[in-house]
Amino acid sequence: MAQGGNTRFSVYVGNLSYQTSEDDLGNFFSQAGHVTNVRLVIDRETGRPKGFGFCEFADEAAAQNAISMFNGQDFNGRALRVNMANR
DNA sequence: GTTGAGCGT
């Protein structure tokens, strides 16, 4: 199975607007399937969002569905970048 | 009141 080397179903979400929250992503990604976890990477040195995050789904189909639905699509004024996570 | 490639406190 090609999940990107992870036993879970995490997808990398990049090119986010700095004003986007985890709640916004959770609502948006739940359209593709059952989201079990959403993490927005915040810079520990500055306390600001790094502009990317990770979204974990209940199964692989939902994760790949999210990629198909949202990769390259517009979100909060930015072209969303969605791909299978590597770690 | 800022910025823009990235794979994770």
Side-chain angles (χ1 to χ4, degrees):
Chain A
M1 302 265 204
Q3 262 103 41
N6 194 353
T7 53
R8 299 183 187 177
F9 309 107
S10 311
V11 292
Y12 169 79
V13 186
N15 204 37
L16 292 168
S17 178
Y18 291 130
Q19 59 185 335
T20 306
S21 299
E22 296 178 345
D23 187 67
D24 295 329
L25 274 181
N27 286 323
F28 195 70
F29 274 79
S30 63
Q31 296 173 105
H34 189 254
V35 177
T36 55
N37 190 307
V38 181
R39 174 189 290 198
L40 261 242
V41 179
I42 308 299
D43 192 279
R44 209 185 129 288
E45 302 175 63
T46 64
R48 301 181 196 156
K50 288 187 177 179
F52 74 97
F54 295 88
C55 187
E56 184 176 282
F57 289 90
D59 61 59
E60 182 189 353
Q64 293 184 1
N65 189 28
I67 297 173
S68 300
M69 287 180 73
F70 303 130
N71 187 28
Q73 295 302 313
D74 185 82
F75 184 67
N76 286 359
R78 299 288 171 175
L80 208 58
R81 175 187 284 180
V82 186
N83 209 358
M84 270 295 174
N86 298 144
R87 299 177 191 176

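Order of the sequence lines fixes the chain letters, A, B, ..., with proteins taken first and strands second; residue numbering starts at 1 for each chain.
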Asker: If I take atom CG in residue A/Asn76 and atom P in nucleotide B/dG4, what distance separates them, rounded to the nearest angstrom?
Answerer: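 Interatomic distance, CG of A/Asn76 to P of B/dG4: 19 Å.
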Asker: In whole Å, I'd like the distance from the CZ atom of A/Arg78 to the P atom of B/dG4.
Answerer: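 In whole Å, B/dG4 P and A/Arg78 CZ are 10 Å from each other.
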Asker: Please walk me through it: do A/Phe70 and A/Phe75 pass ring pair (Phe, Tyr, Trp, His ring centres under 6.0 Å)?
Answerer: CA-CA 9 Å; A/Phe70 303 130; A/Phe75 184 67; 8.1 Å; no
Asker: Sub-3.5 Å donor-acceptor pair from the side chain of A/Gln31 to the main-chain atoms of A/Phe28, do we have one?
Answerer: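 Looks like yes, one N/O pair under 3.5 Å.
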Asker: To the nearest Å, how far apart are A/Gln19 CD and B/dT3 P?
Answerer: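 These atoms are roughly 13 Å apart.
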Asker: Could you tell me whether a side-chain N or O of A/Asn15 sits under 3.5 Å from a main-chain N or O of A/Ala79, the two making a donor and an acceptor?
Answerer: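 At least one qualifying donor-acceptor pair exists.
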Asker: Contact class for A/Arg81 (heavy atom, under 4.0 Å): base, sugar-phosphate, or nothing?
Answerer: sugar-phosphate
Asker: Using side-chain heavy atoms (C-beta onward) and a distance below 4.5 Å, is A/Asn83 in contact with A/Val11?
Answerer: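 Of all side-chain heavy-atom pairs linking A/Val11 with A/Asn83, none is under 4.5 Å.
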Asker: Sub-3.5 Å donor-acceptor pair from the side chain of A/Asp24 to the main-chain atoms of A/Thr20, do we have one?
Answerer: no
Asker: Evaluate the side-chain proximity of A/Arg39 to A/Glu56: yes if any heavy-atom separation is below 4.5 Å, no if none is.
Answerer: no
Asker: Could you check which residues of residues 42-55 of chain A get a heavy atom under 4.0 Å from DNA chain B? Sort them by number, please.
Answerer: A/Arg48, A/Lys50, A/Gly51, A/Phe52, A/Phe54
Asker: Find out whether A/Pro49 and A/Val41 are in side-chain contact, i.e. whether some heavy atom of one side chain is under 4.5 Å from a heavy atom of the other.
Answerer: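 Contact flag for A/Pro49/A/Val41 side chains = no.
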Asker: Quickly work out the A/Asn15 CG to B/dC7 P distance and round it to whole Å.
Answerer: 14 Å
Asker: Rounded off to whole Å, could you give me the CG-to-C1' distance for the A/Leu80 and B/dG6 pair?
Answerer: 14 Å
Asker: Do the side chain of A/Asp43 and the main chain of A/Lys50 share a donor and acceptor less than 3.5 angstrom apart?
Answerer: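 No, the answer is negative, given that no donor and acceptor are paired below the 3.5 Å cut-off.
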Asker: Near DNA chain B, counting only heavy atoms under 4.0 Å, which residues of residues 33-41 of chain A show up?
Answerer: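 The answer is A/Arg39, A/Val41.
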Asker: Round to a whole Å and report the spacing from CG of A/Leu16 to P of B/dT3.
Answerer: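 After rounding, the gap between these two atoms is 17 Å.
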Asker: Would you say the side-chain atoms of A/Ser30 pair up with the backbone N or O of A/Gly26, donor to acceptor, closer than 3.5 Å?
Answerer: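 Here the side-chain-to-backbone pair exists.
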Asker: What's the closest nucleotide to the A/Asn83 side chain, out of B/dG8, B/dG4, B/dC7?
Answerer: B/dC7
Asker: Which whole-number value in Å describes the distance from A/Phe75 CZ to B/dG4 C1'?
Answerer: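 Distance check: A/Phe75 CZ to B/dG4 C1' gives 17 Å.
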Asker: Has the side chain of A/Tyr12 got a donor or acceptor that lies under 3.5 Å from a partner of the other kind on the base of B/dA5?
Answerer: no
